[in-house]
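In what follows, a single structure is set out as structure tokens and then discussed.
Position 1 is the first residue of the sequence, and the numbers go up from there. Computed from a predicted model, the values in this text were never measured in an experiment.
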Amino acid sequence: MEELWLIIAVGIIAIAVAIAFLTRKKKQAIQDDALLTLGTTLVILGIIFGDDRLVGYSFIGVGVLLSIISAIRGLRKK
């Protein structure tokens with residue numbers, strides 16, 4: 001059952017990366033992409049380490065926070 005969730009998570013990330021790659025603009029800053037990538041990676045790590053709730057939820061929380069910061073920076077630059 002855990003393997004199924006891991007396969008689903010990897011599939012969702014692959015789809016999200018493909019959508020982000022196809023819709024990105026050439027003028028995006030490297031730092032914004034780095035924050036978004038780091039946030040996504042931390043969310044995936046939170047899913048993988050979900051057995052220990054403290055570690056899993058901490059990774060997910062920090063990942064979501066970084067993604068929100070990246071989105072706010074992207075809105076301010078436009």
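Taken to the nearest 0.5 Å, the CD1 atom of I8 stands 10.5 Å off from the CD1 atom of I47. Within the model, atoms CD1 of I69 and CG of L36 stand 12.0 Å from one another, a figure rounded to the nearest 0.5 Å.
Hydrophobic clustering (ILVMFWY, side-chain heavy atoms < 4.5 Å, transitive): L4 and I12 are in one cluster. Using a 4.5 Å cut-off between side-chain heavy atoms of Ile, Leu, Val, Met, Phe, Trp and Tyr, with links allowed through other members, F49 and I7 fall into different hydrophobic clusters.
Looking at residues two or more places apart in sequence or on another chain, you find a side chain to side chain contact (heavy atoms under 4.5 Å, CB included) between I13 and V17, T40, I44.
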Report all side-chain donor-acceptor pairs from residues 55-68 shorter than 3.5 Å, counting only partners two or more places apart or in another chain.
| residue | atom | partner | partner atom | Å |
| --- | --- | --- | --- | --- |
| S58 | OG | L54 | O | 2.5 |
| S67 | OG | G63 | O | 3.0 |

